[in-house]
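Protein chains get the first letters and strands the later ones, always in sequence-line order, with residue 1 at the start of each.
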Amino acid sequence: MQLYSTLSRRLEELLTDTVRMYVCGPTVYDLIHIGNARPFIVFDALRRYLESQGKKVIHVQNITDVDDKIINRAREEGVPPSQVAARYTEEYFRDLEGLGVNPPTHSPKATEYVPKMVEFIEKLVEKGHAYVVEGDVYFSVATFPEYGKLSGKVLEELEAGARIAVDEKKRDPLDFALWKAGRPGEPKWPSPWGEGRPGWHTECVVMAMDILGVPLDIHAGGNDLIFPHHENEIAQAEAATGEEFARIWLHNGMLTVRGEKMAKSLGNFSYARDVVAEYGTEAVRYFYLSRAYRKPLDFSEAALREAKRAVEGVYGFLWEAEALPEEGEIPEAFSLELSSLEEKFHARLSDDFDTAGAIGALQEIVGAAHRLRQAGGGPTGLRAAAALLRRLAQPLGLFQTAPPQAKGLAEELIQLLVELRAALRRERNFALADHIRTRLAELGVELRDGPEGTIWLLRGRNQKAG
RNA sequence: GGCGGCGUAGCCAAGUGGCAAGGCGAGGGACUGCAAAUCCCUUAUUCCCCGGUUCGAAUCCGGGCGCCGCCUCCA
């Protein structure tokens, strides 16, 4: 398995049997939008794929539950910040479930790590990498010569940029806060520098090192976090330990809307749960996984509708094939074709987790199976194709839904209508026969007439989340 | 301005040195009572443009053009 690392700017082999992976999680001040969901979906799929390949993955994804935005939201609502954080933490897990994302192995909260963050900051102060000013603690970028190695930025040019707000407490405009002195009405914790709260960037480092140890095998997040967030993480972590912080840095591309990044501040966003409710979990996953994770991806209704149709097409094959009896042999040539497609699927994923190429291979399985049937191939071959497709797609969280079943009376009534329609067709009463077909379709029962008679499938309703 | 990335058919999108995956859509044909589903054919002699390297380039190199992200909180 090779993955493109932002740090080395090339493909890196993932060597270890146990993969310790850290993914930047949400700040819980509001519901996540569909763009926020991209890393959650993609890196969860990566995790599951690695697991399916026999690796053990420890997936840590933090929850930032102390932050300016949470405090602001709490102020607006007139409730304590902890209440805002608790509420949106719960909603975050609910959204993950709706997106078909497995919960991470560990979901540490920043507020549970404050004492360890204090310890960590003390170490940086002792080593001369951080300094204290009026209860604030800042990291001194000048003491870390490799600063900029992740983002490719050069210190002098950054300083020349001068877009950074001038804070006269800092020795250098690029220095960043490790600890912020407490202000009235804000959450605070005790520290050697007085009461306060941890600054940005520190929680990820402390939680990752505490749970996973260094170096991490994988550190992942959106590419908008490369600078300054991940750059600052590297600076702190490596200044404190003197060791490499993470081997492979993965960054997903942004979700855009008409070419512009989806962002709360731009107002061009949709809540993840609303999109899931409209198009279904699998259409959303298919939409994301149909595009290389590092590239930008444009969100639109048309794109989601297309994904949904593509998913329905695959299920149309799966559900029909699985209803067939075991009968006949799998033709040798077909068996070979399936093997080669399976190989292609793995080859694509092994090359920087090319889910789009891998999905192409899955679609080719469907096409190959249809051609087999057209050529009069036995049901066993079709069932084998369906089984392979399901097995391969499992780590991607796609195509695992069982055919919806009509139970008991409903099943018998559908069967009765199908028989009734067959009789009407024999009598050439097509008007009434077609009426039955149309009405059943409206109820989600799709009829497929074939040489051996009519089969029916239940459609649609199960493809929504929940 | 600096750093990073992108530009492949009507649309979406893989592929990154050896005949251009896949999906959606469109047109024609087969099947059907008509449809749906499915199959076959057609929809990129060509991969933003211009040069170069090579027996051979969408893929490598040089130079343009266009778009986006980061440089401030941001998945």
Side chain of [X] only, heavy atoms from C-beta on: which candidate in [options] is closest?
| X | options | result |
| --- | --- | --- |
| A:R9 | B:A75, B:G4, B:C34 | B:G4 |
| A:K295 | B:G15, B:A75, B:C11 | B:G15 |
| A:Y286 | B:A35, B:G23, B:U38 | B:G23 |
| A:F430 | B:A75, B:G33, B:C39 | B:G33 |
| A:R421 | B:G33, B:A37, B:A75 | B:G33 |
| A:R428 | B:G33, B:A35, B:A37 | B:G33 |

Base, sugar-phosphate alone, or nothing: which one does [X] contact when heavy atoms must sit under 4.0 Å apart?
| X | result |
| --- | --- |
| A:G450 | nothing |
| A:Y29 | nothing |
| A:A356 | base |

*asked:* Is it the case that B:G33 (base atoms only) and A:D434 (side chain only) share a donor and an acceptor within less than 3.5 Å, ignoring hydrogens and angles?
replied: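 Donor-acceptor pair under 3.5 Å: yes.
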
_Distance-only donor-acceptor test (3.5 Å): side chain A:R348, base B:G15_ =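 In this structure, the two groups form no donor-acceptor pair.
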
Give each protein N/O atom lying under 3.5 Å from an N/O atom of nucleotides 68-70 of chain B, with the pair distance.
{"from": "B:C68", "atom 1": "O3'", "to": "A:G259", "atom 2": "O", "distance (Å)": "3.4"}
{"from": "B:C70", "atom 1": "OP1", "to": "A:K261", "atom 2": "NZ", "distance (Å)": "2.8"}
{"from": "B:C70", "atom 1": "O2'", "to": "A:F227", "atom 2": "O", "distance (Å)": "3.3"}
{"from": "B:C70", "atom 1": "O2", "to": "A:K153", "atom 2": "NZ", "distance (Å)": "3.3"}

*Both distances under 3.5 Å, Watson-Crick or G-U wobble: report the partner of B:A14, or none.*
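Its partner: none found.
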
*With under 30° as parallel and over 60° as perpendicular, where do the rings of A:F144 and A:F139 fit, or are they tilted in between?*
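Answer is perpendicular, since the angle exceeds 60°.
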
